Structure formats: structure tokens, C-alpha cells
Amino acid sequence: MMRNQKQQEAPEPPPAAPGNESAGEAAPLVIADKVKGALRLAAVSPQAGRLGLTPGMALADARARIPHLRVRPLDAPSDQALIERIAEDCDRFTPVVALDPPHGLMLEITGCAHLFGGEGELRKQLLLRYRKAGFHIHASIAGAPDTARALVRFSRTPYVRPGEDEAAVRPLPIAALDIPDTTRTALSRAGLKIIADLADRAQVPLAERFGQVLPLKLRRTLAREIAPVHPRRIVPICAAERRFAEPIAASADIDATLADLARQVADRLSERREGGRAFEASFFRTDGVVRRISVETGRANRDPRALLRLFHERMETLADPLDPGFGFDLIRLSVPSADTLETTQVSLDGAANMKHALADLSDRLSARLGPRRVAHFAYADSHIPERAQRYAPTLAASLRPTRVCARPRSDPGDPPLRPSQIFDPPRYVSAFAEVPDGAPIKFGWRRVSHIIAHSEGPERIAPEWFRDPDDAQTRDYYRVEDRHGRRFWLFRAGLYGESATIPRWYVHGMLA
Amino acid sequence: MSAYTELVAATNFSFLRGASHPRDMVLTALLLGHAGLGVADRNSVAGVARAWTALKDLRADGLPPAEKVRQGGGPGEFVWVESEAAQTLDSKAVKERANAFRLLVGARLVFMDGAPDVVVYPEHRSGWGRLCRLLTLGARRAKKGACELVLDDLLEDPHGLLMIVMPEGDPGGMEGRLQRLARRAPGAVWLGATMHRRGDDRRRLGRLREAAQRAGVPLLAVNDALYHAPSERDLQDVLSCIREGVTMETAGRLLEANAERHLKPAEEMERLFRDAPEAVEEIKAFMDRVEFDLGQLRYEYPEEPTPPGYTPQAYLEELTWRRAQWRYAGEVPEKVRGVLEDELRLIDKLNYAPYFLTIYDIVRVAEDKGILCQGRGSAANSAVCYALGITAVDPAAHDLLFARFISEERREPPDIDVDFEHERREEIIQHIYERWPSSGGHSGHGDPLPSQIRHSRGGQGSGTD
Amino acid sequence: MREELAKLKAQLAAHEGLTGHELAGEELGARGGGLFSLGAKSVDAALGGGLARGALHEVLAETVLDTASASGLASVLAHRAANGRPVVWIRDDGVCREAGMPYAPGLAEMGLDPDNMLLVFARNGLDALRAANESAACDAVGAVLIEIWGAPKALTLTATRRLALAASLSGVTLVMMRAGASPIPSAATTRWSVRAAPSSPAMANAPGLPVCALTLQRHRAGPAGHTWNVELRRENARSNAGDSDDEIIRYDACLGDAPALSGGMVPLPSGRPHDAEPETAGGAGTAARRTG
């Protein structure tokens with residue numbers, strides 16, 4: 001069984017803009033925030049820390065000690081955004097990256113370390129990358145997420161060998177258990193100061209006295225139990241990636257890389273007897289910007305050529321083209337979603353080939369125009385005209401509900417009773433009609449007056465009382481033809497005499 | 001009062017289709033000022049008795065007082081009708097209207113062979129018998145509760161029936177059958193036209209009119225009502241869902257698109273049928289053809305075979321006294337004797353003897369076969385029932401008064417339920433079918449009994465009425 | 001060579017009362033060639049049996065208000081050409097805005113097959129043209145219907161040549177409907193202009209089957225300039241014999257010669273100028289012309 005390796009990365013203090021550091025040599029920097037009406041230090045720079053300032057201290061006290069203190073207000077949203085950006089960039093180390101509030105990240109590195117030459121090497125590369133960018137950062141690797149968190153915050157032990165997790169955390173203070181302050185205080189009063197004081201005690205009395213959270217946190221911190229990690233992004237079913245010592249920027253290189261990755265991914269999917277329903281290419285720029293481009297397919301697919309075509313369609317129509325900047329040092333192709341796809345033999349079945357050809361066409365069109373713009377008709381069984389049909393994206397084909405066929409309501413030889421074109425929403429018109437339910441005699445729309453020559457109706461369609469709001473109105477539909485042969489589908493919303501307001505008229509569609 | 005009458009109205013006895021109780025249909029038609037109402041349920045005449053009782057109450061009492069109305073729901077009570085007419089009419093006016101109001105009783109025959117529904121009203125008493133026989137035929141052919149008929153069943157002998165053919169969808173599909181029916185029963189076939197605001201109503205009306213002309217039958221304006229007021233559309237939708245076994249969300253077009261299937265004011269119907277005023281006028285002609293009135297049936301019960309020289313009443317009395325001797329071991333107590341005399345007098349007055357004889361016959365058959373049975377119901381707690389062995393409750397011991405349960409005022413038939421041993425109930429039912437092979441048919445009486453027995457078969461109750 | 005042969009066959013068939021459509025059914029294998037009939041005898045006869053498959057045909061809405069009719073006619077042409085294969089229906093946002101969105105219940109009533117359509121909603125003319133090129137290159141497609149509003153820059157003679165080439169290479173028929181625009185030079189094999197025309201009313205003065213005045217403005221292989229009044233019909237009911245439990249009756253959309261109009265409506269003489277009216281004139285302009 002593989003050992004679960006958790007890595008905690010904790011930039012500390014909360015990253016200010018990396019450039020600030022040099023300018024800050026003159027005066028120590030603190031970040032202040034209002035807590036219960038009083039300004040308190042939310043974070044302190046290393047320099048300020050060396051002068052004895054700690055987070056939580058009242059700003060007034062800090063000022064009293066160090067008059068030339070530089071104070072900046074806390075900007076939580078920007079901090080959050082920065083953490084998210086770092087998390088995004090950490091995707092280059094492992095696809096399983098979780099936020100660990102307030103300022104931590106949790107990386108699941110099982111199975112990834114070998115790409116970097118071992119766990120220690122991975123940690124080193126990670127620290128180097130972010131320290132170079134000006135962050136103060138610490139990282140610990142342990143066998144369980146809570147263990148790693150405790151270590152990075154309270155002992156900064158870089159690395160715990162498999163099986164030694166418990167020994168590593170025993171000397172830590174109970175605060176490392178990540179428990180509520182009240183519990184911590186209660187434990188201190190009871191004379192329990194470090195984890196070792198608790199580790200060997202029976203759990204039941206502990207739970208009875210201090211609540212269920214304590215034994216749970218204890219088990220997790222001692223790596224007796226592994227807490228689930230909630231990654232920020234969907235963990236792909238499979239992926240292939242390529243790293244470059246010399247970042248690449250030329251589109252030919254990028255294409256070649258994608259082609260290579262597509263083949264690798266296809267092989268992996270083939271082993272799994274699956275085909276992807278969605279693919280995502282991630283381009284990691286040296287400066288930490290990650291660009292992701294995804295395509296979807298209407299049916300499970302693992303044909304590298306089809307895949308490349310989809311990516312080309314997509315990339316050609318990007319509103320914001322792919323910008324390599326100083327180059328990409330990592331390109332990954334991952335498959336977030338897949339379906340079963342048996343190994344296909346060269347099919348002699350023409351109909352199936354046709355179906356596939358059409359599916360591939362709609363995939364390419366979806367990639368270029370956007371998935372919502374390529375659709376099939378889908379139906380719902382309803383009297384309400386706009387509810388009776390919708391446009392179902394072909395990419396979501398497998399999600400399509402059972403079909404209710406569009407069957408003609410009229411008899412053959414009779415004119416269609418429904419329009420071939422429908423307006424959503426219906427367009428307001430002004431109409432003259434006999435009350436209460438006569439067909440319009442004329443109506444005005446888009447500054448043209450239409451004199452009605454032939455008409456039929458009303459077709460009365462009442463709201464679906466179990467679905468529509470109470471004030472939904474009954475509609476009377478009329479099929480009308482003006483003197484020039486233009487055929488419209490009009491309706492009056494509401495019945496005369498039913499409400500105080502005068503019913504309004506709309507055009508809901510046109511007939512051929 | 002207008003001449004308009006809705007000739008195709010279903011009640012909640014059209015199971016899971018009609019949404020209103022017969023009495024609400026009658027009351028609404030009355031308040032709308034209609035000349036009458038034609039009640040026609042799906043392959044059943046079960047609802048017409050309720051409609052009839054409701055009309056009689058209105059004739060006798062006028063509109064029920066408000067406090068009685070508010071209780072609602074119970075037997076003999078009306079639900080309130082939101083009608084302006086209800087506010088302005090006094091009890092006398094309602095009574096007058098009720099007395100002039102004509103209740104047509106019939107059934108809507110629904111066929112298995114794709115033929116259009118035919119709403120049938122008996123022209124006179126023999127027609128009623130024929131209708132009941134037809135329904136019994138369908139019921140016997142079908143599994144529990146259903147009724148299986150084909151158009152040929154009707155064509156075999158449509159004499160004495162007035163028929164309204166109700167086309168569904170494309171009128172072209174039913175023309176052949178309409179013409180066959182019209183040839184078979186000249187002068188007794190109408191083509192029903194509806195204007196449900198389905199868009200192509202007027203075009204369809206035109207086609208129906210042509211089809212009617214080709215077949216040589218008159219066109220008849222109807223609304224094919226499923227409920228008394230538009231507000232009942234919700235209830236009807238729910239019933240449709242139960243019927244089809246679907247949820248509201250998935251029912252879709254199984255539901256009606258609008259709330260048009262209610263009783264409409266005469267002037268509204270006339271306006272809807274302005275392209276074919278003759279179809280509205282034809283209603284009166286149709287009504288004039290119907291002689292039959294449910295009142296004609298009131299005291300007519302299938303004849304019970306009685307020994308020669310006996311009337312049913314004499315035979316019942318003979319039996320009662322003989323069995324009473326046996327029940328009380330030769331010594332009928334004076335108190336019981338008095339009660340028996342009172343009860344027999346009342347039975348005589350209301351002409352219920354055949355009914356008691358019927359029950360007695362069934363119970364005796366059960367006894368012979370060793371099938372356990374037990375009577376109950378309002379009339380069951382009578383000394384006569386005890387004497388006849390229908391019940392085991394000695395009224396002498398319990399001081400129960402039969403007269404309180406059967407009264408002239410209630411104007412309802414006596415009610416005796418008999419529960420049979422569940423496993424052997426079928427034997428009793430078979431006996432009943434043997435005894436009345438074409439119940440209601442041969443005698444031309446069509447008393448509630450056969451339909452009640454049939455109803456009981458379909459239901460899950462353990463009794464046979 | 002094969003195309004000519006097919007045309008000859010179609011002509012022969014038309015003489016014998018067979019439609020080119022039925023003929024095409026026999027020759028399903030021979031894609032790219034052949035003609036498809038429109039169903040209206042007078043029009044088919046004038047075309048020598050029908051329109052060419054694997055070619056670009058253009059349909060212009062005479063005025064903005066004729067867009068629904070033009071689209072209806074164009075979709076019938078695409079349906080006839082596709083002969084049971086899928087139709088890719090590309091519509092740009094301008095057409096969606098001005099004429100609405102395709103509505104399957106109504107299309108089914110016209111005898112079209114909405115379940116066999118791939119809908120593509122293009123942002124603009126350029127996207128629509130690119131999607132059309134791509135679709136025309138896919139041999140699983142029966143026909144491509146492309147609907148473009150106005151005169152986008154991308155719609156050039158070259159663009160239409162590219163479409164026509166794609167059509168001829170794959171055998172996929174392209175029908176291009178344009179509304180809110182005047183004709184431009186194009187590589188289309190035929191160009192039609194369509195105007196809504198009064199129907200013969202059904203009973204109770206209900207609007208009857210849709211009627212269009214159809215003018216053949218341009219025809220590479222024959223005379224042009226004639227105008228026909230055609231009805232958009234639904235015909236050839238056939239049940240879905242494939243799976244017996246699902247007896248769906250399907251219909252085919254086709255054109256039919258419109259019955260002569262009562263009430264003194266005079267069909268438009270042929271040879272009138274075919275320029276579409278200015279967009280803003282709308283119905284008013286048309287009204288003036290028709291009453292004149």
C-alpha cells in the first residue's frame with residue numbers, strides 16, 4: 001500500500017506584494033484589521049516579528065513599542081485571490097491541491113514525487129519556486145494532512161519518514177490539534193499541554209469532557225486516521241504531461257507537444273476501455289500563470305487526431321488567445337470526464353460510421369462556437385408552447401431525456417397549427433379584436449400594420465396551475481394571415497373580464 | 001329560463017374522469033337557468049340515481065340553507081355553488097325551477113373497437129331496460145370493474161335508445177360508423193359537436209356539420225362537461241394523473257389544455273355555436289323525444305318469484321312470521337310482535353317486500369352452502385331481518401327501531417349490506433348471476449340492484465348490497 | 001457524365017408521372033449526382049426534374065416580413081435534398097432575432113423531420129459560413145441549410161464559391177437562405193426569391209396551407225425569371241415499419257402547385273424586377289405594390 005504523503009505549504013506572513021520586501025527594510029511592516037471594534041495586528045513581517053510583534057496584538061500597543069511602524073490595512077479578498085493563484089500554480093506539482101484556510105495549501109503528492117526525484121526534491125523545488133518569487137513559505141511532508149498541518153505550523157519539521165508521524169507530533173503543543181480556543185483553554189487548565197499528554201489517554205473520557213472534536217482531531221493529527229482532502233479542481237481520470245527545462249513558446253512546439261500528449265492520453269484511455277467526454281489542456285507559464293483550455297465531446301472519444309482537431313477549433317476562436325509570455329515550462333492534457341468505450345474495430349457498419357461522423361462534426365462545431373450553440377431539438381410534454389420544446393446541446397447528448405416526438409397535431413392536408421418560427425420571449429403587438437374572444441382584425445408590429453384576411457382561433461391554453469405562478473394568465477392563441485399572406489401566431493394574454501387590466505396581445509411565432 | 005340543456009355531462013361516477021358530484025352538476029345547471037341536464041357516465045348509470053335524488057330534494061326543499069351547505073360533503077348535502085344566481089334566487093324560485101327542470105338519465109358507451117363514444121338516452125322505459133342490459137353484458141364480459149363493449153353490441157338492437165355520437169379527433173375516421181348507426185336506427189342518431197377552444201373548433205364544426213348532413217343526422221351542440229365549474233379543472237387534472245398513473249409534472253398533454261369542460265351559460269354556448277345555431281336548437285328537439293324519467297322506476301323492482309297466490313308482501317309476511325316462531329322457539333314476545341307488525345306495515349307502504357325477499361333468498365343460499373354471512377346496514381337492524389335470519393342482532397334485546405332507519409322522508413331505498421366469507425364470496429356472486437341472468441334486462445326495470453351488485457364486485461368491499 | 005445521366009432519367013421519370021424524389025430513393029448509392037424534385041409538378045418540369053444535389057442553392061426573402069416563408073421554403077428544399085439523412089441547420093443571430101427560433105412542433109407539421117436535424121446557432125455570418133463549410137465536408141450530412149441575415153462582409157463571391165465547391169466534392173446539398181438583404185454575385189446553381197402569398201382559406205375562413213410566390217431569379221442550367229405560386233404541403237404518409245411497436249407516422253414536406261386564387265388575386269407576372277425591397281419598407285411597400 002502506498003503511503004499517503006501530505007505536503008503543507010504555508011506562506012507566512014500572508015503574502016504582501018513580493019516587491020514590498022526591499023522597500024520595507026527601513027521600517028517594520030504590519031497588517032492591521034479591525035477585530036471587535038479595535039485595530040489588531042493580523043500579520044507581521046519577519047522584521048517586525050524579530051522586534052517582538054505578534055499577530056493578535058493591539059495596534060496601539062505595537063505603535064507604543066515601535067513608533068516608526070508601517071501599517072497597512074488587511075485586504076482579505078486580495079489575499080484570497082493570491083492564495084488561489086498560488087494554488088493554481090501548484091497544480092504543476094500535483095493535480096490534487098486543496099485550500100487550507102487561512103493561508104495554507106494542502107497538496108496530495110502520492111504518486112507525483114518520482115517526477116521530481118523524490119519527496120525531498122519536490123519540496124525543495126517547491127520552496128525554491130515560491131521563495132524566488134518573494135514569498136515566505138514553509139513546507140512539511142507527512143503521512144496525513146492533519147499531521148502535515150500541525151508540523152508546518154508548530155515545528156517546521158521538513159519531512160517525516162513513513163511510520164514516524166506520531167513520534168513527530170507528540171512533542172507539539174495542543175494548539176497544533178487545530179481545536180477551538182475554548183477546548184484548548186480547558187485542556188491547559190487540566191494541565192494537558194502537549195499532544196503526548198493526550199495521545200495515550202482513553203478517548204471516551206476525553207470525548208465526554210471536551211467534546212467529540214478533540215478525539216477526532218487527535219486521531220487525525222497522530223495520523224491514525226486520514227482526513228479527506230477536497231481538491232479545488234476535479235481530479236482527472238487520467239492525464240499526461242510534459243515538462244520543459246527550456247520553456248517553449250513556438251506554436252509548432254506547442255502543437256507537437258499536444259499531439260504527443262493526446263497519443264499518451266489515448267493509450268491510457270484505451271487501457272481503461274474508456275473514451276473521454278471532456279479534455280483539458282493546461283499550459284503552465286514560467287511566471288505562474290496557468291491557462292486552461294477545455295473541449296467536450298458528444299460521445300466518448302479517444303481518437304488523438306479528432307482530439308487535436310477539437311483543440312485547434314477551440315484555440316482558433318479564443319477571444320483571448322493563448323499567450324506563452326516567457327514560455328511554458330509544463331503542458332498537461334487531462335481527462336476530467338470519461339465514458340466506457342470498447343476497443344473499436346474498424347467498423348463495416350455504415351450507419352454507425354455516419355453517426356460517428358456526425359457526432360465528430362457537432363463536437364468540432366461545439367468547440368468553435370460554444371456548446372450551447374450546437375443543439376438538437378428536445379421535447380417536453382406540455383401544452384405550453386415554449387415549454388414543449390427546447391434546444392439540447394449535443395454535447396450533453398447522454399443527458400437527454402426520453403424523447404416525446406414532435407408529432408403533427410393537424411391532419412395531413414390541413415395547415416400547420418403551430419408556427420415554424422417562435423419568438424422567445426413573445427413580442428408585444430397592438431391589436432384590434434372583437435371582445436371577448438374574437439380574432440384580431442388588424443395588428444401593428446414593428447411599425448407595420450397588418451390587416452387580417454383569414455384567422456382561426458382561439459386555442460385556449462391555460463397555465464399549468466401546478467407549476468406556474470398564481471398570476472399566470474390564460475392565453476388565447478390565433479392563427480392569422482394578413483392580406484399579403486404573411487402568417488402569424490398571435491395570442492392574447494388574459495381573458496376579458498377576468499382581471500382589471502386590459503389583456504395584451506403578443507406575436508409568439510410565424511408560420512411559413 | 002333558457003332552452004339550453006347540457007346533454008353530455010359526466011359526474012364523478014365516470015371513475016377518475018368526471019370531477020363533480022352529480023348533485024353539484026344538477027344544482028349548477030339549475031342555477032345557470034338551464035332547462036335540464038343529461039347525465040351520462042362512462043358505461044355506467046350509477047350516478048344518475050344520485051342526480052335524481054338531488055333534484056328531488058331541490059324540488060321539495062329549494063336551496064339548502066347556508067349552514068347546511070357549509071357542512072358540505074355529507075349525504076344529501078350540497079357543496080356551495082359560487083353563483084350569482086344562488087344569491088338572488090329565493091327558495092321558492094329554486095323550487096319552481098327544479099320542478100320544471102328535466103333530468104335526462106343515460107350513459108356514455110365507450111367501445112373497445114375504436115368506435116367513437118356514443119352517449120345514449122332511453123327514449124322510454126324499454127330503452128332503459130335495453131341500456132341496462134347492454135351495460136350488464138359489457139360488465140360480464142370484462143374483468144372486475146370494467147366494461148367491454150363493441151359498437152356491434154349497440155347495433156344489434158338500438159331500439160328505444162337516442163344516441164349522440166361523440167367524435168374524437170379527426171371527424172373523417174368515424175363517418176362510416178356514424179352512417180351505419182344512422183341506417184340502423186333512423187331518426188335516433190345525433191352527431192355531438194363541441195367547442196372547447198382548441199383552435200380549429202370552427203373548422204371542425206364545419207366538417208362535423210358536413211358529416212352530419214352526409215349521414216342524414218342532426219348536429220347537436222354539447223359541451224361534454226367533466227365538472228360543474230371551471231375551478232374544478234385542478235381536481236380533474238389530479239384525477240387524470242391517478243387514472244394514467246403519472247405525476248402532475250409528467251402528465252403533460254394527458255391533461256386538458258384549458259378549463260373549458262364545465263357547464264356553461266346558455267348564451268355562451270349559443271355564441272360558441274354561432275356558425276351552427278341549428279345545433280343548439282336541436283337540443284330542444286332531442287329533449288322532446290325523451291319520455292323516460294327515472295321517477296317511473298321508483299317502485300319497480302325485479303319481480304321475486306313468489307308461490308302462486310301470494311303477493312310479495314303476503315309472502316314476506318308469511319315467511320317472517322314462520323321464521324319468527326322458529327327464532328323465538330315458538331313464543332314470539334309481545335314487544336317483538338308489535339315491532340314486526342309495524343315494520344311489515346311500513347314495508348308494505350313503501351313496497352319494499354321484494355327487496356327483503358331478494359336478500360332473504362341470497363342469505364338462504366349462503367346458509368345452504370354453509371357460507372358464513374352477516375347482514376348490516378341501516379335497514380338490517382330490523383326485527384324482520386332478525387326473524388328472516390339476515391342478521392343475528394335481536395332487536396328485542398337491543399331496542400333498535402327499524403322505523404328510524406327506513407323512513408318515508410328519506411325517500412331512499414332500504415340499505416342492507418351482507419358480508420360473506422371472503423373466500424367463498426364468488427359462489428354467492430355466481431348464484432346471483434344465475435338467478436338474474438340479464439339483470440334489469442328481462443323485466444325492463446333496471447333497478448339499482450344489478451348495478452350495485454356489479455359495483456360491489458369491482459370494489460374491494462366484502463359485501464354484496 | 002453521371003449527373004447528366006441522372007438528369008435524363010429524372011426527366012424521363014417526370015414524363016411517366018414518377019417524381020425525381022422517388023427516383024433518388026432508388027439511387028441512394030449515387031450521391032453527389034442526381035436531382036431532387038420539389039414536388040410541385042410545374043416547378044419540377046421547368047427544372048427538368050428537380051434541383052441538383054451536391055450544389056449550392058440560394059433562397060432570398062423578398063422582404064423582411066417574408067423571412068418565415070423563405071426559411072420555410074428553404075427548409076423544405078433541404079429536407080427534399082437530404083432524403084432522410086440529417087440536415088444541419090445553421091442560423092445566425094440576426095435571423096434568430098428578426099424571424100425567431102426554429103420551432104419543432106411547427107416544423108413537424110410541415111412534414112419536416114426535426115429529430116433528424118443538427119441546429120447550429122452562429123453568432124454572425126462569418127461563423128455561419130465556416131460552420132457551413134465544415135458541415136458540407138461531412139459526408140454523413142444530407143443537406144446543410146444556412147440562414148444569414150443582411151450582407152455580412154464575409155459573404156463574398158469567393159465565400160459562395162467555397163461553399164459550392166465543398167458541396168460538389170462531398171455531394172452534400174447546400175441551401176442558403178438570406179433575409180434582410182439584396183442579391184450579391186454568388187456561385188449558387190440556382191437563386192430563388194420568396195414572398196409570402198395569400199393561402200386558399202380553409203373552412204370557416206381559417207388560413208389554409210402556406211402559399212409562397214416563388215421566383216426563379218437565376219438558373220445556371222436553364223431559363224430563369226418565372227414565378228410560381230406553391231403550397232407547402234405534407235405528403236407521403238408512411239409508417240415507421242422498422243420497429244413495429246412504435247408506429248409513428250412520418251410525413252414528407254413537399255411543394256405543390258397552389259390552387260388558383262379566388263377573389264381576383266393576380267399572380268405576379270414573370271420578368272418583374274427582382275430586387276428585394278429596402279428593409280425598412282416592410283409590409284407597407286409590399287402592400288402598395290399588391291394593390292397597384
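In what follows, chains are A, B, ... by sequence order, proteins preceding strands, each numbered from 1. The model shown is predicted, which means the values in this text are computed figures rather than measured ones. Computed from heavy atoms alone, side chains included, the values below leave out hydrogens, waters and symmetry copies.
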Structural part of C/Val88 lying under 4.5 Å from a heavy atom of chain A: side chain
Residue, of C/Ala122, C/Ala206, C/Gly256, that accumulates the most heavy atom pairs under 4.5 Å with chain A: C/Ala206
Separation between CG of C/Leu107 and CZ of A/Arg418, rounded to the nearest 0.5 Å: 13.0 Å
A/Leu365 versus chain C, the contacting section by heavy-atom distance below 4.5 Å: side chain
Pair listing, ring-ring contact (aromatic ring centres under 6.0 Å, His included) test, anchored in residues 415-444 of chain A, at least two apart: A/Phe423-A/Trp445, A/Phe443-A/His450, A/Phe443-A/Phe488
Shortest non-hydrogen separation from C/Pro207 to A/Pro415 and the atoms involved: O-CG, 3.3 Å
Residues, nucleotides or ligands: over 12 heavy atoms within 6.0 Å of A/Arg467 CZ: yes
Under 4.5 Å from any heavy atom of chain A - which part of C/Asp93: side chain
Part of C/Arg233 within contact of chain A (heavy atom distance under 4.5 Å): neither
Reported OG1-to-NE2 distance for the pair C/Thr63 and A/His484, which is rounded to 0.5 angstrom: 9.5 Å
Which atom of C/Pro105 lies closest to which atom of A/Gln389, heavy atoms considered: CD-OE1, 3.8 Å
Partner chain A: residue of C/Glu134, C/Met110, C/Arg97, C/Met117 with the largest heavy-atom pair count (under 4.5 Å): C/Glu134
For the student: nearest non-hydrogen atoms of C/Pro210 and A/Pro416, plus distance: CD-CD, 3.9 Å
CZ-CZ distance between A/Arg373 and C/Arg91, expressed to the nearest 0.5 angstrom: 13.0 Å
Which atoms of A/Leu511 approach chain C - backbone, side chain, both or neither, heavy atom under 4.5 Å: backbone
Nearest heavy atoms of C/Ala197 and A/Arg487, plus distance in Å: O-NH1, 3.1 Å
Leading residue by heavy atom contact count with chain A [cutoff under 4.5 Å; candidates C/Ala131, C/Ala202, C/Gly111, C/Gly106]: C/Gly106
Spacing of C/Asn205 atom CG and A/Glu456 atom CD [to the nearest 0.5 Å]: 9.5 Å
Side chains of A/Leu369 and C/Phe121 in contact at under 4.5 Å (non-hydrogen atoms): no
Engaged part of C/Leu209 at the chain A interface, taking heavy atoms whose separation is under 4.5 Å: both
Pairs of heavy atoms under 4.5 Å with chain C: top-ranked of A/Met510, A/Arg427, A/Glu386, A/Arg368: A/Arg368
Atom group of A/Arg479 that falls short of 4.5 Å from chain C, counting heavy atoms: both
Pairwise distance CG(A/Asp360) to SG(C/Cys138) - rounded to 0.5 angstrom: 8.0 Å
Heavy-atom proximity to chain A below 4.5 Å, by part of C/Pro102: both
Greatest number of heavy atom pairs closer than 4.5 Å to chain C - which of A/Ala357, A/Gly457, A/Ser455: A/Ser455
Point-to-point distance, once rounded to the nearest 0.5 Å, from CG of C/Leu65 to CZ of A/Arg446: 8.0 Å
Toward chain C: residues of residues 305-321 of chain A with heavy atoms under 4.5 Å: A/Arg309, A/Glu313, A/Glu316
Over all atoms of both residues, closest heavy-atom pair of A/Ala388 and C/Tyr103: CB-OH, 4.0 Å
Shortest non-hydrogen contact from A/Gln421 toward C/Ser71: NE2-OG, 3.4 Å
Greatest number of heavy atom pairs closer than 4.5 Å to chain A - which of C/Ile90, C/Val76, C/Leu118: C/Leu118
Contact class of C/Ala99 relative to chain A, heavy atoms under 4.5 angstrom: backbone
